[in-house]
Amino acid sequence: MKRSIRQIQKDETREKLLSAAHIVFGQKGIMAARMSDIAEAAGVSHGTVFVHFKTQETLVAAVIDDFGIRMGQRTHDMARNSGSLRDVLKAHLEGIREDEAFYTQLVIETRSLPPIARETMISIQSAVSFHINQAAQREMDAGVIKPMSMALLFNTWIGLVHYYLTNRDLFSPEKSVIETCGSMLIDHFMHMISSAN
Amino acid sequence: MKVCISCGMPMNSPEDFPLGDVSKDYCIHCARPDGSMQSFDEKLQGTTEFIIRTQGFDAKVARESARAMLSRQPAWKSVSQ
């Protein structure tokens with residue numbers, strides 16, 4: 001069905017709000033950001049935000065849902081182009097890098113956000129763990145890395161990455177922590193699990 | 001591009017589809033060996049086991065998480081309530 005001009009404008013404003021909210025949440029924090037900050041960033045009136053999202057919770061849920069779909073696509077693409085475990089880890093960090101500020105806030109605030117935040121995080125981590133698991137299994141079978149629990153292998157990796165992200169101010173105050181420390185984290189992790197040790 | 005109605009996985013190429021059949025609306029991971037789509041209970045069980053194996057969650061939490069994830073997918077919106 002053809003959309004009316006009014007509907008097209010409405011959809012565009014919604015997209016603009018989602019995109020502005022994504023940026024503002026990354027800068028100010030998801031719970032700390034105000035609807036007026038988002039309206040200002042999107043260049044619309046305060047009232048317009050409420051036409052599209054009745055409550056801040058609805059807006060938060062929509063931004064997170066949108067982000068989850070994007071990360072799902074990115075994770076899928078990364079697997080297609082990655083062979084070794086090292087490649088998968090590198091692609092994982094590159095995927096986070098593209099939305100580093102927002103992802104970091106999500107990690108920090110997940111437990112105080114609506115349930116959709118937790119569900120989206122679990123869903124993202126499930127997709128990532130699936131691809132890490134596949135590459136790791138191949139390398140365990142080939143004797144390249146030590147045999148170990150898949151859950152612990154994944155949790156050790158994600159714990160390391162999240163620790164650096166949530167403490168960016170300590171490791172890389174001026175720029176992306178993935179940019180500053182990403183290669184070091186991959187080298188360290190691969191060294192830890194390598195059978196050569 | 002299609003997205004699996006059962007798990008939400010993007011399906012970009014024939015190997016993402018059951019038996020390479022691109023007319024299907026569900027992915028290879030949501031199909032039985034004969035190419036038919038897994039039931040909700042089969043998918044819930046498989047996803048729960050997967051979460052436990054790859055992320056180490058408590059069994060009950062893993063099942064609840066799997067149910068929450070699946071309930072957002074078009075195929076299961078009505079059956080997972």
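This structure is a prediction, so every number in the text was calculated from the model and none was measured. In what follows, chains carry the letters A, B, and so on, assigned in the order in which the sequence lines appear, proteins first and then strands, with residues in each chain numbered from 1.
When side chains are defined from C-beta on, A:Gln105 does not count as touching A:Lys28, because their heavy atoms never get closer than 4.5 Å.
Using the six-membered ring where Trp is involved, A:Phe102 and A:Phe67 have ring planes that are perpendicular, over 60° apart on the 30 and 60° scheme.
Between the side chains of A:Ser123 and A:Thr120, no donor-acceptor pair of N or O atoms lies under 3.5 Å. Counting only N and O atoms by type, the side chains of A:Gln7 and A:Asp11 include a donor and acceptor under 3.5 Å apart. Side-chain polar atoms of A:His22 and A:Asp99 form a donor-acceptor pair below 3.5 angstrom. Using a 3.5 Å distance cut-off with no hydrogens or angles, the side chains of B:Ser36 and B:Arg32 do pair a donor with an acceptor.
Your options are A:Gln73, A:Met150, A:His76, and the one with the most heavy-atom pairs under 4.5 Å with chain B is A:His76. The candidate with the highest count of non-hydrogen atom pairs below 4.5 Å against chain B, out of A:Ser129, A:Ser126, A:Ala136, is A:Ser126. Ranked by heavy-atom pairs under 4.5 Å with chain B, the list A:Ile116, A:Leu152, A:Ile69 is led by A:Ile116.
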Problem set entry | Test log, rule salt bridge (Lys or Arg N to Asp or Glu O under 4.0 Å), inputs B:Asp21 and B:Lys24 | CA-CA 6 Å; B:Asp21 179 359; B:Lys24 293 279 192 282; 3.0 Å; yes
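With a threshold of 4.5 angstrom between heavy atoms, B:Glu15 approaches chain A through side-chain atoms but not through N, CA, C or O.
Residues of residues 49-60 of chain B having a heavy atom under 4.5 Å from any heavy atom of chain A, listed by number: B:Phe50, B:Ile51, B:Ile52, B:Arg53, B:Thr54, B:Gln55, B:Gly56, B:Phe57.
Residues B:Arg72 and B:Lys77 share a closest heavy-atom pair of O-CE, 3.6 Å.
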